[in-house]
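Remember, it's 1-based here, ligands and their atoms both numbered in the order they're listed. We number each residue from 1, following the sequence as shown.
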Amino acid sequence: MANIGNEVLELLKEEISEKEYNRYIKQLTFLNEESSAHEVTFLAPNALVASWIKRKYSETISHLFEIKTSTSPSVNINLSKKATNTTKQSNVTKTANSAHSLLNPSYTFKNFVDGRSNQFAYATAKSVSEKPGIAYNPLFIYGGVGLGKTHLMQAVGNVLQAKGKSVIYTSVEQFLNDFIRHVKNSSMERFKEKYRKCDVLLIDDIQFLNNKPQIQEEFFHTFEELRAASSQIIITSDKHPKQIAGLEERLKSRFEHGLVADIQPPELETKIAIIDKKCEINRIRLDKEVVNYVATIIENNVREIEGILSKLHAYSQLMHQPITLEFTKNVMKDQLQEKRENINIDMIIKLVSKELNVKPSEIKSKNRSRNIVYARRIAIYLARDLTPNSMPQLAQYFGMKDHTAVSHTMKKIQDLLKNDEDFKVKIEELKVKVQNYSD
Ligand code: ADP
Ligand code: MG
């Protein structure tokens with residue numbers, strides 16, 4: 001395995017933002033001698049980086065190894081000696097992967113909190129785990145980022161795998177890469193064997209099939225054959241099948257044919273229950289007031305809860321401080337700041353123009369038509385609120401005379417916010433979208 005680890009990290013570089021790569025991945029060292037085709041080991045300099053990488057990237061790293069070597073190893077992120085001396089954290093964080101699937105063993109029903117926001121998806125997933133291939137086939141789960149779609153789908157996978165069923169979990173990307181590799185190696189039989197003969201196929205984030213006709217065709221045949229054999233199919237997506245642009249009608253209609261269940265952002269009580277659950281799993285002790293605080297600060301993304309808990313835990317260990325409310329507020333301040341630094345005006349313009357159906361170039365133009373002025377004002381307001389740009393900077397950016405024009409715009413929007421409840425909700429939604437926006 002001559003430096004295959006570094007090659008994989010190079011591939012990973014293309015998958016994630018430069019910032020993330022430099023901040024986390026760059027700190028990894030590949031341990032060639034301790035790695036094999038089935039298990040690879042990297043060293044991280046501290047517990048924070050280790051747990052972060054494990055959570056966020058170990059699945060991807062494993063996938064990338066599979067692309068390079070055709071087997072997907074389990075990925076260990078160990079702490080380097082220096083780090084182990086300074087923290088008492090367990091020195092091995094490990095994701096187990098069986099040879100056939102990349103299911104995360106902690107994605108179980110037991111570890112999933114059901115609440116009003118996800119009850120329907122939860123209940124249907126549960127019944128699919130009891131009666132696969134019969135109850136709802138396919139089961140199509142959709143909802144926003146980090147709301148538990150992958151968790152729920154894999155919970156079904158874990159139940160069925162434990163009952164001896166062959167379960168394949170894949171992303172569209174992996175399906176595509178596999179397909180390309182097998183076409184190149186003239187080994188399509190193996191591809192078909194893998195995807196068409198399994199008992200359960202879990203395919204994650206199907207929206208990425210859009211505008212890829214050849215792979216849609218292949219997936220269509222996979223789907224048909226699985227359905228004909230009463231094998232269970234579970235699909236997730238960020239949108240309802242109808243809403244996925246660039247997807248063949250025959251796929252849309254088949255996706256809708258089974259059961260379509262959505263997951264909504266969690267309400268406050270569910271967020272609190274999820275935090276309690278995560279604390280229990282990770283043996284972190286938090287006071288009620290800290291839990292409530294974290295729950296109110298986190299907007300919609302449950303994944304962020306985990307990020308914050310692991311940060312809190314790591315910091316408190318590194319700094320030998322208990323997790324008080326004060327301490328939490330400080331840690332969260334950094335987190336919010338970091339989020340802000342990632343937002344720029346271009347993103348805001350792209351998003352606002354998409355949401356309000358105008359062109360990005362129109363937002364920056366001097367066009368005075370009503371809907372464009374409206375979109376422009378909102379973009380300026382969000383830019384002022386969510387980025388560190390000053391009013392003169394914004395004036396320059398949006399081609400306005402000077403900062404008084406920006407200030408005038410801010411006033412208009414603030415008046416609307418005060419008097420129009422619907423508008424306020426709309427702006428809040430846009431803010432969340434900007435914060436979760438990625439290209
Ligand atoms: P998605 O696939 O919808 O983007 P994930 O399934 O990856 O989201 O969930 C993100 C993280 O949040 C996972 O670690 C998952 O365990 C956790 N999570 C999401 N919803 C819940 C829930 N209802 N109960 C417990 N954990 C959850
Ligand atoms: Mg997911």
Side-chain angles (χ1 to χ4, degrees), residues 15-16 51-60 62-63 93 95-96 101-126 129 139-159 168-175 201-209 234-240 244 260-282 284 286 291 294-295 298-313 432-433 435-438:
E15 307 282 319
I16 65 181
S51 83
W52 191 264
I53 291 181
K54 183 200 156 204
R55 267 169 217 284
K56 279 197 77 169
Y57 306 114
S58 57
E59 273 180 41
T60 316
S62 182
H63 281 187
T93 38
T95 26
S101 84
L102 297 164
L103 295 181
N104 181 333
S106 68
Y107 285 172
T108 58
F109 284 111
K110 193 171 142 265
N111 288 346
F112 192 86
V113 174
D114 63 316
R116 222 175 337 126
S117 53
N118 58 31
Q119 215 139 49
F120 185 53
Y122 176 84
T124 48
K126 207 66 214 209
S129 75
L139 172 60
F140 189 102
I141 303 172
Y142 74 95
V145 183
L147 298 185
K149 302 182 296 294
T150 300
H151 185 139
L152 210 45
M153 137 191 277
Q154 292 206 8
V156 180
N158 277 314
V159 169
I168 296 282
Y169 167 77
T170 187
S171 59
V172 167
E173 190 200 2
Q174 198 196 346
F175 185 79
L201 178 66
L202 311 176
I203 181 151
D204 215 353
D205 291 317
I206 200 81
Q207 71 272 12
F208 293 123
L209 271 185
I234 307 182
I235 301 168
T236 69
S237 166
D238 66 345
K239 303 180 196 69
H240 189 281
I244 307 177
V260 179
D262 68 325
I263 300 190
Q264 293 295 324
E267 339 59 74
L268 188 62
E269 313 89 86
T270 310
K271 279 195 268 188
I272 290 173
I274 292 173
I275 297 173
D276 286 338
K277 174 75 89 184
K278 299 285 173 196
C279 286
E280 181 195 317
I281 295 170
N282 296 303
I284 299 173
L286 289 185
V291 173
V294 174
I298 290 289
E299 309 219 32
N300 288 330
N301 187 330
V302 180
R303 192 172 294 132
E304 267 177 39
I305 292 181
E306 302 199 306
I308 284 176
L309 291 183
S310 90
K311 228 177 198 173
L312 284 177
H313 187 56
V432 172
K433 283 187 179 157
Q435 277 156 352
N436 290 318
Y437 183 80
S438 59

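Using a 4.0 angstrom heavy-atom cutoff, Y122 does not count as in contact with ligand 1.
Nearest protein neighbour of atom 2 (O) of ligand 1, counting heavy atoms only, is T150 OG1, 2.7 Å. In terms of protein heavy atoms, atom 4 (O) of ligand 1 is closest to G146 N, 2.7 Å. Protein heavy atom closest to atom 8 (O) of ligand 1, with residue, atom name and distance, is G148 N, 3.1 Å. Shortest contact from atom 18 (N) of ligand 1 to any protein heavy atom: V302 CG1, 3.2 Å. Nearest to atom 21 (C) of ligand 1 among the protein's heavy atoms is F112 CE1, 3.7 Å.
The shortest N or O to N or O distance between L152 and ligand 1 is not under 3.5 Å. Not a single N or O atom of I274, backbone or side chain, sits closer than 3.5 Å to an N or O atom of ligand 1. Annotation: D204 places no N or O atom under 3.5 Å from an N or O atom of ligand 1; distance criterion only. Taking any N or O of V145, backbone or side chain, none lies under 3.5 Å from an N or O belonging to ligand 1.
The heavy atom nearest to atom 3 (O) of ligand 1, considering only K278, M153, K277, K149, is found in K149. Counting heavy atoms only, N111 comes closest to atom 25 (C) of ligand 1 of the residues N111, D238, I305. Distances from atom 7 (O) of ligand 1 to the heavy atoms of E306, R303, H151 put R303 nearest.
For the pairing with S117, the side chain to side chain donor-acceptor pair (under 3.5 Å) check across Q264, E267, K271 returns one residue only, E267.
At least one N/O/S atom of T150, from backbone or side chain, sits under 2.8 Å from the Mg ion (ligand 2).
Closest heavy-atom contact between L202 and Q154: CD1-CA, 4.2 Å. Counting all heavy atoms, side chain and backbone alike, L147 lies closest to P266 at CD2-CD, 3.8 Å. Across K54 and S58, no two heavy atoms sit closer than the pair O-OG, 2.7 Å. Here the closest non-hydrogen pair linking K149 and D205 is CE-OD1, 4.4 Å. Here the shortest heavy-atom pairing between Y142 and K239 reads CB-O, 3.4 Å. Smallest separation of non-hydrogen atoms from L139 and A125: CD2-CA, 3.8 Å.
Using a 4.0 Å cut-off to heavy atoms of N118, the atoms of ligand 1 that qualify are 23 (N). Listed by number with element, the atoms of ligand 1 under 4.0 angstrom from any heavy atom of G144 are 3 (O). Interface atoms of ligand 1 facing V113, defined by a heavy-atom separation under 4.0 Å, are 22 (C), 23 (N), 24 (N), 25 (C).
By the 4.5 Å heavy-atom criterion applied to side chains, F208 and S171 are not counted as neighbours.
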Task: Stepwise side chain to side chain contact (heavy atoms under 4.5 Å, CB included) test for F109 and V156 - done: CA-CA 8 Å; F109 284 111; V156 180; 3.8 Å; yes

Open item on the list: With side chain to side chain contact (heavy atoms under 4.5 Å, CB included) as the criterion, how do N111 and H151 come out once you've worked through the C-alpha distance, each side chain's angles and the decisive distance to 0.1 Å?
Closed with: CA-CA 9 Å; N111 288 346; H151 185 139; 4.1 Å; yes

Open item on the list: Please evaluate residues T108 and N158 with respect to the criterion side-chain hydrogen bond (donor to acceptor under 3.5 Å, both in side chains), reporting the C-alpha separation (whole Å), side-chain torsions for both, the decisive distance (0.1 Å), and the verdict.
Closed with: CA-CA 7 Å; T108 58; N158 277 314; over 6 Å; no

